[in-house]
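Structure record follows, encoded as structure tokens.
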There are 2 protein chains.
Amino acid sequence: MTTAPTVYDVAERSGVSIATVSRVYRNPDSVRAQTRERVLAAAHELGYVPSGNARGLASRSTGVLGLCFPDYSDPDAEAADAEDEDAAMLYSDQIIRGMERAARRHGYALLIAASLKGGPESLVAKVAGRVDGFAVLARTVPTEELEVISRRRPVVMLAGPREGADHLDHLDHIEVANADGQRQLTEHLISDHGLRRLAYVGSAEESPDVEARFSGFRQACRAAGVECGEEPALRVPMMTQAEGARAADALCDRGGPLPEAISFANDQMAVGALYALARRGVKVPDDIVVTGFDGIPLSRLVHPSLTTVHQPTVRMGEAAADLLVRRLGGTQDKDPVSMMLPVTVIRRASCGCPAD
Amino acid sequence: MTTAPTVYDVAERSGVSIATVSRVYRNPDSVRAQTRERVLAAAHELGYVPSGNARGLASRSTGVLGLCFPDYSDPDAEAADAEDEDAAMLYSDQIIRGMERAARRHGYALLIAASLKGGPESLVAKVAGRVDGFAVLARTVPTEELEVISRRRPVVMLAGPREGADHLDHLDHIEVANADGQRQLTEHLISDHGLRRLAYVGSAEESPDVEARFSGFRQACRAAGVECGEEPALRVPMMTQAEGARAADALCDRGGPLPEAISFANDQMAVGALYALARRGVKVPDDIVVTGFDGIPLSRLVHPSLTTVHQPTVRMGEAAADLLVRRLGGTQDKDPVSMMLPVTVIRRASCGCPAD
DNA sequence: CCCTAGCATGAATGCGCTTTCATCGCAATG
DNA sequence: CATTGCGATGAAAGCGCATTCATGCTAGGG
């Protein structure tokens, strides 16, 4: 590869100054057509590609947005849960897709990077230094670190609530209406299907999403005067199909009357439960109603099709890019924005609604 | 955002030279612990983030790999086929995932960019200038342009054959064994299921993949003495579910004996066909066999489950990153590499094999 | 025919960092 | 006690480009 040609080489070869070469790329109209041709020809012969770094340095902007997300690959789960991992990645894939699309519309490229588990080397530093602004999935990077960075360039947090009781963080946030969605879904079960013995299955590991959803569940219950504990009926260690199946079995074997409905904190678990219930001859939705959350493609394909709440994942990515671009455009140093993206309850067969 | 702090600011605040500040980040051990602490403290107070641009400029390397792909989003299909696009979990998403993962393992981040339809502005120039090397999906960028760039930095082409009859391009290539896979699948239909009236559905728009697959189809037919034209039985404008359904209908309505099997150039279309056939009461695989190509997740979930050829999409991305990294490491200026990734025939219910 | 706009181009500076190379102490050595 | 040698730091020179400012030139206007 010897050494790459630079503006100087192109300038020399075409008999102009480097300023003119630069202008040919940045502002073609300001150069006489004939000169321009000469320069472009020389550039082509040399295989000249403008250095993005130099460009960025000189103009202090990169035309790139960033996206950081957690390292989902669990070395333990390697073989075991490849499928689950798949689902987890789906989430980030969709955000990537949405963000890429929106970024592109605004003329930006997208730099993506997942945190490297065990790599103490700051992922963020790497990305942050190369982009005009970036988005981070919640719990990828310590909020404090983000705050430091956000003092100098826009940072938006995805799917994470604003943090800190005393000291709210100053980041922009984009969330989905977890509580609201679960509340609506639960209201539907209560008022439209007349159910009153509802069980919620959440996760043991801390997750703001799950907590928000559960709180929506409780709101609906309380509003309708339906009994409902302070805590989910069950908390599972991981939100996988396998755990969902186990949870369904556990609830059935628990003794006492079966719940009329089980609401899971995500679709994965609900699907697992569907399988488990089918295995033991419990009919859904006749004997028991099952609901999920997320609206993954699989939810539509299982039998019975799963009633769930659809998350606008792709739109989250888009919203992130749009927000960043807006921040970059307006010099105004406005207050942090907190966007709550609406979700959609999808009524399908597993709650007793006619399949779509 | 005022103006971002630089090494100079940090140096001044911590009472050292900028060289030392730089060393603290690049080579911490070469700085006395006490000094290092001072510098880091100052950096933190200032919210200092090293500029990737300046870094890249000075060290002439970015630590970033690039990936360019075509603009898939069909403005027309916007509403109509949103689901198609979604369920498909697009090809490029998987490549992105694979490439990101491999890049990360090697310590690189990934810059992704789709070509902007109508944007004459060279996508490649934008990406190429910011990365150490990059991969391009076939037919995203004119090969000639790539060749110019590849003179100065590694470029690998994904899913595209080496081009040029007289003048083979000098790029590295990573392909999948399209012909081979379709041939195997077709042989299976012929010898194991005894089918002899086979129809192939390809695409009207030019695609080396589709052509390669069709040629594999023909090879198998000819080898078995099965009749098979020079051209696919049908070519559709776009390889979507909707078009697949339409194709199935067309073949059924065509008059004459129904084919015994329809092989589609991708899963999307095959799935669409499955729906269309079910609607009109044609039983798969009893009345007619259907096969796809790609092995998208959906193929396993439809009913009947779809016999198809699985493409190692994720691995393509990984291979691309690995290859680029190897190129960047070795100073050797070896000949272009051409990798052919193996595919796997997945026999499922839609060809009459027992469902898995 | 001279003067002035206005346009195309060149000279020069700086963007923020990495990287020799030189320097300065200071401990180990003769 | 003078010398070496080495580890820690500073000084300075770019890296490749964008950009302002200055300059030369040509075409009108007086």
Side-chain angles (χ1 to χ4, degrees), chain A residues 1-40 42-43 46-64 125-126 128-132 152-153, chain B residues 1-40 42-43 46-64 125-126 128-132 152-153:
Chain A
M1 311 267 148
T2 66
T3 177
T6 71
V7 266
Y8 295 98
D9 302 314
V10 177
E12 185 176 359
R13 182 172 190 116
S14 52
V16 302
S17 74
I18 64 163
T20 299
V21 175
S22 176
R23 278 192 274 261
V24 165
Y25 286 90
R26 298 269 64 73
N27 196 356
D29 294 332
S30 72
V31 175
R32 199 163 31 127
Q34 177 191 334
T35 314
R36 197 189 318 145
E37 298 306 326
R38 261 211 333 277
V39 170
L40 286 176
L46 261 42
Y48 168 70
V49 178
S51 150
N53 283 326
R55 200 120 117 177
L57 222 210
S59 65
R60 54 202 119 268
S61 91
T62 64
V64 177
K126 178 155 199 172
R130 313 203 73 85
V131 301
D132 291 341
R152 333 263 32 158
R153 69 195 62 202
Chain B
M1 311 267 148
T2 66
T3 178
T6 72
V7 266
Y8 295 98
D9 302 315
V10 176
E12 184 177 359
R13 184 172 189 116
S14 52
V16 301
S17 75
I18 63 164
T20 298
V21 174
S22 176
R23 278 192 273 263
V24 165
Y25 285 91
R26 298 270 63 72
N27 194 356
D29 294 332
S30 72
V31 174
R32 197 159 38 123
Q34 176 191 334
T35 314
R36 196 189 320 145
E37 297 307 325
R38 260 210 336 275
V39 170
L40 286 176
L46 260 43
Y48 168 69
V49 178
S51 150
N53 282 327
R55 199 121 119 178
L57 221 210
S59 65
R60 55 205 114 262
S61 93
T62 63
V64 177
K126 179 154 197 172
R130 313 203 74 84
V131 301
D132 292 339
R152 332 266 29 161
R153 70 196 63 202

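The chains referred to below are lettered A, B, ... by the order of the sequence lines, with proteins before strands, and numbering in each begins at 1.
Of the options B:Val24, B:Val21, B:Val31, a side-chain contact (heavy atoms from CB on, under 4.5 Å) to B:Val16 is made by B:Val21 and by none of the others. Screening A:Ser14, A:Pro28, A:Ser30 for a side-chain contact (heavy atoms from CB on, under 4.5 Å) involving A:Arg36 leaves a single residue, A:Pro28.
Remark: P of C:dA8 and CG of A:Asn27 are 11 Å apart, rounded to the nearest angstrom.
The stretch residues 53-61 of chain B touches DNA chain D through B:Leu57, B:Ala58, B:Arg60, each having a heavy atom within less than 4.0 Å of the strand. Less than 4.0 Å separates DNA chain D from at least one heavy atom of each of the following residues of residues 6-17 of chain B: B:Gly15, B:Val16, B:Ser17.
Closest approach of B:Ala11 to B:Ile18, counting heavy atoms only: CB-N, 3.8 Å. Taking every heavy atom of both residues into account, A:Arg152 and B:Pro5 meet most closely at CD-CD, 3.3 Å.
Within the helix from C:dC1-D:dG30 to C:dG30-D:dC1, the inter-axis angle between the opening and closing five-pair segments is 50°, rounded to 10°.
Shown here are the side chain to side chain contact (heavy atoms under 4.5 Å, CB included) partners of A:Thr6, two or more places apart in sequence or in another chain: A:Tyr8, A:Asp9. For B:Arg13, the side chain to side chain contact (heavy atoms under 4.5 Å, CB included) test picks out B:Ala42, B:Glu45, B:Leu46, with sequence neighbours left out. Not a single side chain to side chain contact (heavy atoms under 4.5 Å, CB included) links B:Ala58 to another residue, sequence neighbours left out.
Distance CZ/B:Arg38 to CZ/B:Arg32: 7.5 Å, rounded to 0.5 Å. Residue B:Thr62 holds its OG1 atom at 11.5 Å from CG of B:Leu57, rounded to the nearest 0.5 Å.
Taking every nucleotide of DNA chain D with any atom under 4.0 Å from a non-hydrogen atom of chain B, the first and last of them, 5' to 3', are D:dA8 to D:dG16.
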- Using a 4.0 Å heavy-atom cut-off, write out nucleotides 21-27 of chain C from 5' to 3' as B (base contacted by protein), S (sugar-phosphate only) or - (no contact). -------
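Residue pairs that meet the side-chain hydrogen bond (donor to acceptor under 3.5 Å, both in side chains) test with at least one member in residues 46-61 of chain B, sequence neighbours left out, are B:Asn53-B:Arg130.
Neither OP1 nor OP2 of C:dT9 sits under 4.0 Å from any side-chain N or O of A:Thr20. Applying the 4.0 Å criterion to OP1 and OP2 of C:dC17, one finds that B:Tyr48 has a side-chain N or O inside that range.
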